[in-house]
Amino acid sequence: MKKLLLLLPVLLLVSCTKTVMYTKTFNDFEDNRWSKTDIKVFDFDIKKDIESADISFVFTHTIDPLYKSAYMELVIKYPDGKSDNISLNPQLKDEAGNSYSDCGDNYCEVKMNVKQGIKMPAGKYEITLENKYQEDYLPNVSSLGITVESED
């Protein structure tokens with residue numbers, strides 16, 4: 001009986017692992033500027049139906065981005081032609097100017113869950129990410145990424 005109790009935590013850890021089905025990062029921002037006209041497109045195929053998937057977004061910026069939040073629109077197009085429009089507003093700083101981002105030596109990163117536990121039938125998907133910042137470009141952007149994971 002003791003052996004079974006010792007194995008329980010291991011079984012729980014193994015049962016909650018995730019598999020990365022798709023990941024892509026754009027880091028092609030000239031002078032760290034993301035232009036309003038530069039819509040990022042993430043195209044991928046899901047080979048088999050997924051019962052529970054998570055979609056996350058990663059935004060990497062310079063140490064001091066000069067703004068507290070960034071406004072973006074993310075659109076998920078499903079194989080059946082339907083789509084979800086999601087407004088993203090990653091908060092980078094609080095009112096006192098303290099960073100919410102996880103910072104390293106010369107960059108900071110914010111990770112956001114976009115969708116959790118969704119069904120994703122097999123087929124072709126497209127996720128677009130558009131800069132909705134009030135100026136012509138969003139300054140101090142290092143990279144943008146999307147990851148789709150499934151629970152095993």
Min side-chain heavy-atom separation [X]-[Y] under 4.5 Å:
X	Y	answer
Y125	I55	no
C108	I63	yes
T19	T17	no
M72	P90	yes

Would the number of heavy atoms belonging to other residues, nucleotides or ligands and lying under 6.0 Å from [atom1] of [X] be above 12?
X	atom1	result
K111	NZ	no
E30	CD	no
K77	NZ	no
D136	CG	no

Next item on the list: Could you pull out all residues at least two apart from E135 that satisfy salt bridge (Lys or Arg N to Asp or Glu O under 4.0 Å)?
Entry: none
Nearest heavy atoms of [X] and [Y], plus distance in Å:
X	Y	result
K119	P121	O-CD, 3.7 Å
S142	N32	CA-OD1, 4.3 Å
M21	I46	CB-CD1, 4.2 Å

Check: According to the side chain to side chain donor-acceptor pair (under 3.5 Å) rule, which pairs have a member within residues 43-56, sequence neighbours left out?
Finding: K18-D54
So how far is it from [X] [atom1] to [Y] [atom2], rounded to the nearest 0.5 Å?
X	Y	atom1	atom2	value
I76	S83	CD1	OG	9.5 Å
L92	N140	CG	CG	10.5 Å
C103	E109	SG	CD	9.5 Å

Partners of [X] by ring pair (Phe, Tyr, Trp, His ring centres under 6.0 Å), sequence neighbours excluded?
X	result
Y22	F44
Y107	none
Y71	none

Note to self: side-chain contact (heavy atoms from CB on, under 4.5 Å), that's the test. Do I50 and E149 meet it? Break it down for me.
What the structure shows: CA-CA 10 Å; I50 299 173; E149 296 177 303; over 6 Å; no
Note to self: Going by side-chain contact (heavy atoms from CB on, under 4.5 Å), name the residues that satisfy it together with S143, two or more places apart in sequence or in a different chain.
What the structure shows: T25, N27, T60
Margin query: Applying side-chain contact (heavy atoms from CB on, under 4.5 Å), can you list everything that pairs with K40, at least two apart in sequence or on another chain?
Written below: F26, D28, F29, W34, D38, F42, L129, L144
Next item on the list: For E126 and K124, indicate whether the former's side chain and the latter's backbone hold a donor-acceptor pair under 3.5 Å.
Entry: no
Check: Donor-acceptor pair, S99 side chain versus S101 backbone, under 3.5 Å?
Finding: yes
Next item on the list: Apply side-chain hydrogen bond (donor to acceptor under 3.5 Å, both in side chains) to D105 and list each qualifying residue two or more places apart in sequence or on a separate chain.
Entry: none
Next item on the list: Tell me, please, which residues at least two apart from E73 pass side-chain hydrogen bond (donor to acceptor under 3.5 Å, both in side chains).
Entry: N85
Check: Under the disulfide bond (SG atoms under 2.5 Å apart) rule, what pairs show up with a residue in residues 27-74, not counting sequence neighbours?
Finding: none
Check: With sequence neighbours left out, which residue pairs that include part of residues 114-147 fulfil the disulfide bond (SG atoms under 2.5 Å apart) condition?
Finding: none
Item checked: Residues F57, I127; criterion side-chain contact (heavy atoms from CB on, under 4.5 Å); working and verdict -> CA-CA 11 Å; F57 163 72; I127 297 177; over 6 Å; no
Note to self: Do I146 and V75 sit in one hydrophobic cluster, given that two such residues count as connected whenever their side-chain heavy atoms are within less than 4.5 Å of each other, even indirectly?
What the structure shows: no
Margin query: I'd like to know if V58 and V110 are part of one continuous hydrophobic network [Ile/Leu/Val/Met/Phe/Trp/Tyr, side-chain heavy atoms within less than 4.5 Å].
Written below: no
Checklist line | Inter- and intrachain pairs under ring pair (Phe, Tyr, Trp, His ring centres under 6.0 Å), touching residues 126-152, at least two apart | finding: Y67-Y133
Check: Are K132 and E130 close enough for a salt bridge, meaning some N to O gap below 4.0 Å?
Finding: yes
Check: Where do K115 and I86 land on the side-chain contact (heavy atoms from CB on, under 4.5 Å) test, with the steps shown first?
Finding: CA-CA 10 Å; K115 289 279 193 177; I86 302 163; 3.9 Å; yes
